[in-house]
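Below is one structure; the comments refer to it alone.
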Amino acid sequence: MSNSIQAPANAAAGEHVQREHSSYSDAALTPPVDVVEDANGITLYADLPGVSRDKLNLHVEASTLTIDAESDLQVPQDLQTSHTEVGLGRFRRVFTLSKELDTQGVTAELAQGVLKLRIPKAAHAQQRRVQVQVR
């Protein structure tokens with residue numbers, strides 16, 4: 001099984017490599033994510049193996065959360081692999097967030113290849129107790 005993109009037969013060898021690289025570099029893995037909700041918000045746990053803090057980009061724009069990351073795992077130059085399970089080192093995941101969430105209060109932690117994102121509920125969506133008066 002090959003992951004390369006075939007160039008037309010009349011293409012030069014260098015052109016084949018360039019096309020393969022540009023298409024391959026645009027591809028990304030979808031990291032698995034667990035979402036846990038509680039009364040105060042949601043917590044997302046994303047598996048990002050080999051990703052360091054400087055290769056992780058988180059963006060919140062309007063109601064969209066985007067996770068972009070690149071793995072730092074490199075195969076040494078003098079080593080040839082005979083089988084590769086994951087050939088891509090780029091991750092991307094996009095979420096549409098509910099208006100009930102406070103996107104200004106997002107916090108993030110990265111430890112042991114797991115990204116933990118905490119998004120609190122907005123004040124208007126938080127549960128509150130209503131006092132009942134007896135007359």
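Clustering ILVMFWY residues whenever any of their side-chain heavy atoms sit less than 4.5 angstrom apart, transitively, puts Leu110 in a cluster other than the one holding Val114.
Between the side chains of Arg118 and Thr107, no donor-acceptor pair is found at a separation under 3.5 Å.
Clustering of Ile, Leu, Val, Met, Phe, Trp and Tyr side chains at separations under 4.5 Å leaves Val132 isolated, with no partner residue.
Annotation: the span from Leu117 atom CG to Phe95 atom CZ amounts to 8.5 Å, rounded to 0.5 Å. With rounding to the nearest 0.5 angstrom, the CG atom of Asp47 is 10.5 Å from the CZ atom of Arg93.
No side-chain heavy atom of Val33 sits under 4.5 Å from any side-chain heavy atom of Tyr45.
The one candidate from Val35, Asn40, Leu44 that meets the side chain to side chain contact (heavy atoms under 4.5 Å, CB included) condition with Ile119 is Leu44.
For Pro49 against Ser71, the heavy-atom pair with the smallest separation is O-OG, 3.7 Å.
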Please table the atom pairs, donor to acceptor, closer than 3.5 Å between any side-chain atom in residues 52-70 and protein atoms at least two apart or in another chain.
residue	atom	partner	partner atom	Å
Ser52	OG	Asp54	OD1	2.5
Ser52	OG	Asp72	OD2	2.6
Asp68	OD1	Arg92	NH1	3.2
Asp68	OD2	Arg92	NH1	2.7

